[in-house]
Structures are given as structure tokens and as C-alpha cells.
Amino acid sequence: MTQASDMPQRRSFARIGHFVATRRKLVFDYFSAISGAGGRLVFSLAYFIALANTLSIAEFGMFATASAAGIMLSRILAFGFISALYRTATIRPNLIGTFTAGFLLLGVLSLPFLAAASYGVYLIFFADTVPLPAFAAVVFAEALLWRPVEVALIVNNGLGKFGRAAVLAILATALRAVGAILFMLGARHTIGVWSLFYIGANAASLVVAFVFFYPRQRLRLRAELYFRRLADSVYVAGSEVLFYLQMEFDKLLVLSIGGPHLAGIYAIIMRLVDLTAIPIRTFSMMLVQRMMRAPELLSRLAVKSGIEGGVFLVSTLALVSLGIVLHFFPNALGRNVAEAAPLVALAVCVPGLRNLVEYQAELLFARGQTAVRAINLGLLAGLKAVLLTYVLTTIPDTANLVLSLNIVFLLLYLASMLLTYSAMRRPAKAI
């Protein structure tokens, strides 16, 4: 009798123990991942300070805009097959070698498309401001050197090896910071010279990523597996290009309409805004992995609104803290950044709203709704182009222009929320 009566109690303790163990692993994984984000934040800030205060404001604007274009164009590499590699690492890790071979094959096949798109973007946005060799060097560094480093990070995160991914993220960002410091100590400080340092730093990161951090599996080509997933990958590539277009289109427009100096001021402000997104992206990455296994994770309104409120609050507090520091110590990040320091606090709502648009796009990726995601991002890119063109052509004062960005990003967030949560009413696609 005593043994029988103890059994429900033991089951309860077992369930409690399992719950605690599961949450402990989740918390450990999160802190492993966030440690990489924290280290990356520190070295990203060092990289930013060194570069922004070595190049002139105008040349920093040129580089930041060319880099943004390079990040966008890098999504063409392998026709977006990185998404299939990530899903494989998350769900079927024994096929990583097979899908890595597919990534390499499709990467080579995508090079003519990448080159053609890059030249088209150069003619439209950069022909009058940035020398072609410097632009080509930056795109080469972003698309063919840094993007594969991101592949190594993505695969390790997909495998749940958040600690290894964190170490790689820190090392890769540190190498970029070292490149910027060496450039600062050099004799010539032009965008052309910096582009060569940039290639060197990203090449070193690539060697470290694949020699020390990429999983060791034999490469096997299985074309039938790749072509079965190619349509979805192309959707992802298209949506990623559109995603970064709507994220970075403001820099392209500012350079085209306002010129290099205004582009430099704007790039400094938005780079500081970008730094607030680093810890948020870690959270989004882990949430996406859970949603791949449990698509109905965000079915409750309280959960959705709670997460969005947290993302906005953390992002806003980060920028407010930075704005307070720069108000009292405008030269804290260097003399060039000091020119933009009074404007940083005016963009108080931009980080939270921008990070929420990025977060919502990741939700559709997690549910396999890649075609809808591409359409939504195309609509958001068009809306952002219209709103920013209006702002840039009607508001001549820089302070008022930065202040108006809060309204621009609020409208983009509302449009993103409507499109995303309407799409999430449909069933998730099987992965």
C-alpha cells in the first residue's frame, strides 16, 4: 500500500525534475548564445569606433552604404541554399556533409548572377560616389568571405552548439576590429585602402571558421535532394534580399539623395541602432529553432504581445542609455561620432520598431512560409522607399529628419504586424 501510494508522488517529482532540467538546458543554451552576442557587441563597438574615426565622415558613409549593399547581395550566394543547410543542421544533422556539398555547388553556379546584380546595384546607386574597385572589394568581402563565415555560425547554432558559435562570433568580429585598428595605424586612410584591409580581416575569419569550427563530415553530392529544395531556397534568397533591401534601403537613398556626408552621419546613427539588435537576434534565432519543431508556439495573444513588448523595451532602453552617455560625453566614441552624438537620442523608437520588423520576418521563416515572407518583405521595401523618399526630399534639417524616422518605422512596423500575423493564421508548412 505504501509503495502504491508513493507512485503518484514520485511521478510528480519526476515531472518537476524533467521540467527544471529542460528549462535549465534552455537557459544554459541561451546564455551560451548571448555570451557570443555580448563579445560580438564589444568588438563591434571597437571596430566601429576605430573605423568611423579613421575614415572621413563622407567616406565612412560610402563604405557603410556599400557594405549594406554587399550584405543584401550576399543573399544571392548559392540561391539561398543556406536556409536548407540550417534546417538540416537543426532537424537532420547527419546530412550536413551532403547539404554542404550542395551549398558549394550552388554557390559556384550563383556567381554570375551575383556579379550581374552587383554591377546593376553599383550603376544605380554608387556610380557617382564610390570607385568601382572599392565597391567590388567590399561586395567580395561581404558575399564570398563573410557570408560563408555566417554559414559556419548558422550550422553550429542549428546543431545546438551555441558555445562554439559564440566563440566563433567573437573571434570573427575581433578579427574585423583588428583589421580596423591596423588600418587606423596605417599611413593612408581612404576607402580604397580600407577595402583591402577589410578583405584581409574577412579572409582570416573564413579560415578560422572552416578550419576550427565547421562540423567534420564527408562531402557527398546528391542532386535530387538539392533540386527538391531549390524552389524554397530561391524563395528564401529572394525574401532575404528583400529583407535587407527594406532594412538597408534607407542608407542607399540617403547616399543617392543627400550625398556622402549626410550618408556618413546617417550611417553612424544607424550603426549605433544596429548594435542594439545583436542580443535581440540571439533570442530570435533560438525562438525560430523552437518554432521549427513546434509551429504553434505563438498561438496565444499574451505570448505574442509579451515577446514583442520585451523586444521593444530592451531595444529602446539600450539606445536611451547610449544617448545619455553621448549627451554628457559627446566625444566618448571619437571626434567623428561626436558630430552625430546629439542626434542619436532623437531616434529613440527606431531600434525597437526596426528590431520588431526583423523579428516578425523570422517568424514566417520558422513556419516555412517563405513565399509569403518574400511577398511581405517586398511590400515593406516598397513602403519604406516611398516614406523615406518623402522624408528626404521634404525635410532639409538633419535633426528633424532623424526625428521623423520614428514615424517612418512606426508605419513600417504596423504594416509588418498586419502582414505577418495575417499570414500566421494559415497552417505552418511542413519542413
Flag side-chain contact, heavy atom, 4.5 Å: R176 against N202: yes
Side-chain donor/acceptor of S416 to backbone N/O of L412, under 3.5 Å: no
Shortest non-hydrogen contact from S404 toward V391: OG-CG1, 3.2 Å
Value rounded to 0.5 Å, distance of OG in S256 from NZ in K251: 13.5 Å
Value rounded to 0.5 Å, distance of CG in L262 from CD1 in I257: 10.0 Å
Whether W194 and Y47 hold their rings parallel, tilted or perpendicular, with breakpoints at 30° and 60°: tilted
Residues D250, F409; criterion side chain to side chain contact (heavy atoms under 4.5 Å, CB included); working and verdict: CA-CA 11 Å; D250 43 1; F409 280 90; 4.0 Å; yes
Spacing of CG belonging to L168 relative to NZ belonging to K161, to within rounding of 0.5 Å: 13.0 Å
Worked verdict on L388 versus L405 for side chain to side chain contact (heavy atoms under 4.5 Å, CB included): CA-CA 8 Å; L388 282 173; L405 292 178; 3.8 Å; yes
Sidechain-backbone polar pair: N53 side chain, L333 backbone, donor-acceptor under 3.5 Å: yes
Over all atoms of both residues, closest heavy-atom pair of L109 and P112: O-CD, 3.4 Å
Side-chain donor-acceptor contact under 3.5 Å, S74 with E142: no
Reference residue V408; test side chain to side chain contact (heavy atoms under 4.5 Å, CB included); the match among V386, L387, V350: L387
Trace of the side chain to side chain contact (heavy atoms under 4.5 Å, CB included) decision for R354 with V357: CA-CA 5 Å; R354 191 169 183 258; V357 171; 5.9 Å; no
Side-chain (S422) to main-chain (L419) donor-acceptor, under 3.5 angstrom: no
Neighbour count above 12 (heavy atom, 6.0 Å) for F210 CZ: yes
Whether over 12 other heavy atoms sit under 6.0 Å from D128 CG: no
Separation of Q360 CD from E308 CD (nearest 0.5 Å): 4.5 Å
Backbone of Y390 reached by a side-chain donor or acceptor of T393 within 3.5 Å: yes
Ring centre gap for Y198 and F183 strictly below 6.0 Å: no
Backbone N/O of V311 and side chain of N355: donor-acceptor pair under 3.5 Å: no
From CG (L343) to CG (L272), nearest 0.5 Å: 11.0 Å
Beyond-backbone contact of F125 with L255, side-chain heavy atoms, under 4.5 angstrom: no
R75/E150 salt bridge by N-O under 4.0 Å criterion: yes
Plane angle bin for F135 and F126 - parallel if under 30°, tilted between 30 and 60°, otherwise perpendicular: tilted
Backbone N/O of F63 and side chain of S67: donor-acceptor pair under 3.5 Å: no
Distance-only side-chain donor-acceptor flag, E59 / H261, under 3.5 Å: no
CZ on F103 to CD1 on I82, rounded to 0.5 Å: 4.5 Å
Minimum side-chain heavy-atom gap L145-F140 below 4.5 Å: yes
Smallest separation among heavy atoms of G97 and L219, with atom names: O-CD2, 3.5 Å
Heavy-atom side-chain proximity of D274 to R271 below 4.5 angstrom: yes
Close side-chain approach of F213 to L153, heavy-atom, < 4.5 Å: no
Heavy-atom closest contact (A209 atom, A152 atom, distance): CB-CB, 4.0 Å
Heavy-atom closest contact (T129 atom, P260 atom, distance): CG2-CG, 4.2 Å
Test item: L85 and I154 side chains (from C-beta on) under 4.5 Å apart, heavy atoms: no
Ring geometry between Y122 and Y119 (parallel below 30°, tilted from 30 to 60°, perpendicular above 60°): parallel
R373 bridged to E362 by N-O distance under 4.0 Å: yes
Donor-acceptor contact below 3.5 Å, side chain S110 vs main chain G107: yes
Trace of the side chain to side chain donor-acceptor pair (under 3.5 Å) decision for T398 with Y266: CA-CA 9 Å; T398 305; Y266 187 84; over 6 Å; no
Worked check of side chain to side chain contact (heavy atoms under 4.5 Å, CB included) between I96 and Y214: CA-CA 10 Å; I96 286 175; Y214 204 78; 4.2 Å; yes
Sub-4.5 Å side-chain heavy-atom contact between T98 and L95: yes
Heavy atoms of other groups near R425 CZ, more than 12 under 6.0 Å: no
Minimum heavy-atom distance between L380 and A415, given as atom pair plus value: CD2-CB, 3.8 Å
Close side-chain approach of L159 and P215, heavy atoms under 4.5 Å: yes
